[in-house]
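Here the structure is a predicted model, which is why all the values come from computation and not from measurement. In what follows, residues are counted from 1 in the order of the sequence shown. When reading the values below, keep in mind they use all heavy atoms of this one structure, side chains included, and skip hydrogens, waters and symmetry mates. Counting convention: from 1, in listed order, for ligands and their atoms alike.
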Amino acid sequence: MKKIATAAGLAIAASLLLSACQPAATTAPPASDGGSAAPEVGFAADATIGVALPQKTSENWVRAEDMFNEGLSAAGFNKIVQFADNGVSEQQSQISAMVESDAKVIVVGAIDGSQLGDPLAAAKAKGAYIIAYDRLLKNTDAVDLYVAYDPYRVGELQGEALIEGLTAKGCNPCNIELIAGSADDANSTPFFEGGMSKLQPKIDSGEYVVVSGQTSFTQVATEGWLAENAQKRFDTLLAANYASATLDGVLSPNDTLARAALTAVETAGKPAIVITGQDSEVESVKLILEGKQYSTINKDTGVLVNKVIEIIKGLQAGTQPTPNGDPLDNGVIQVPVVYLDPVIVTQANVCTAYEGDTVVQKVLDESGKC
Ligand code: BGC
């Protein structure tokens, strides 16, 4: 990475980066021009960094909170790390307060990435650098970088795992059902579309049958990523469609919803199914060891948080991050991305997939199965 020492160097590097990643119309003036819209590059070593997290809808967010607190303190920054348990308007106020506190970088894991336009515009106007964390920020030009495990790739891996599990099961045709995440989360569509890119050809050929007929994103989305919503839908769906038919498999976007569907299947007294997941939550890793959940995804939160902190330290020193994927259209601009690779985990690799993740490794060590 190039270290930028002078104002002229900054202007050249910024314009090169922007011309590589964004249409000319969105090019911001470099900070050395005193332009209010330029992201801040190079700031005090003890500057304030804001981290706005969504609701605790899965373990990864809870772990991210601790890791951001520890990592930002260790790096010498003053930090504000907050959840928005009460929803979008709370998250909007939290970001506004971070702007008031003169945060130099604001990291946002959005509840609804389309609803933060105003506070993000205020952050941008003050020169803060805005990082979309895990979930893309949409319909705004006030986002500088998206850092995540590629969500479409997550969906593809889930689709492939479901096919692998159903092939091993030997059903023909296979009866499947689909679950998607919350419609307000920018990740839910790429997860679902990635999965469907693998499953749709098999549905079209008749190898797989979605017995409920619920195949559109809207029909299968789970409001708020809440387990109770997925479980309620599955209770109804099983009673209405599987009195005589056998459910073979389920595409689930994460572990929380996979466990909800498994509970509904068990409660209805139905036989075991092949089901996917994501997040490597402790309870789901145990279910994989027991053979009750087919797969999960390892998106190591520590690695993602450390990547973001490394980027923030670079910005502090005056170095722009290096995007590593195709920029993403967020409805207004092309957002540069830094992607990490998600890893599929099944019984075949569960024992070796979590080196470096002490929480999951402990579960594996104590299981007596690894
Ligand atoms: C995250 C997933 C998580 C879900 C629910 C998504 O945006 O990428 O890892 O399971 O939110 O919290």
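- In this structure, Lys270 is not positioned above the aromatic face of Tyr242 in the sense of NZ or CZ being under 6.0 Å from the six-membered ring centre and within 45° of the axis.
- Side chain to side chain, Asn69 and Glu65 fail the donor-acceptor criterion of an N or O pair below 3.5 Å.
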Stepwise side-chain contact (heavy atoms from CB on, under 4.5 Å) test for Gln92 and Asp118: CA-CA 8 Å; Gln92 290 168 336; Asp118 289 347; over 6 Å; no
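- No hydrogens or angles considered: nothing links the side chains of Tyr294 and Gln347 as a donor-acceptor pair under 3.5 Å.
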Chi angles and distances behind the side-chain contact (heavy atoms from CB on, under 4.5 Å) call for Val335, Leu136: CA-CA 9 Å; Val335 183; Leu136 184 60; 4.2 Å; yes
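- Note: the hydrophobic cluster containing Leu166 also contains Leu199 (ILVMFWY, side chain heavy atoms under 4.5 Å, direct or indirect links).
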Show me the short polar-atom pairs for ligand 1: any N or O of it lying under 3.5 Å from a protein N or O, with distances only.
from	atom 1	to	atom 2	distance (Å)
ligand 1	7 (O)	Asp134	OD1	3.3
ligand 1	7 (O)	Arg135	NE	2.7
ligand 1	7 (O)	Arg135	NH2	3.4
ligand 1	7 (O)	Asp185	OD2	2.6
ligand 1	7 (O)	Asn187	ND2	3.0
ligand 1	8 (O)	Asp134	OD1	2.7
ligand 1	8 (O)	Asp134	OD2	3.4
ligand 1	8 (O)	Asn187	ND2	3.0
ligand 1	8 (O)	Lys299	NZ	2.8
ligand 1	9 (O)	Asn60	ND2	3.3
ligand 1	9 (O)	Asp279	OD1	2.6
ligand 1	9 (O)	Lys299	NZ	2.9
ligand 1	10 (O)	Asn254	ND2	2.9
ligand 1	10 (O)	Asp279	OD2	2.5
ligand 1	11 (O)	Arg135	NH2	2.8
ligand 1	11 (O)	Asp185	OD2	3.4
ligand 1	12 (O)	Thr57	OG1	2.7
ligand 1	12 (O)	Ser58	OG	2.5
ligand 1	12 (O)	Trp61	NE1	3.0

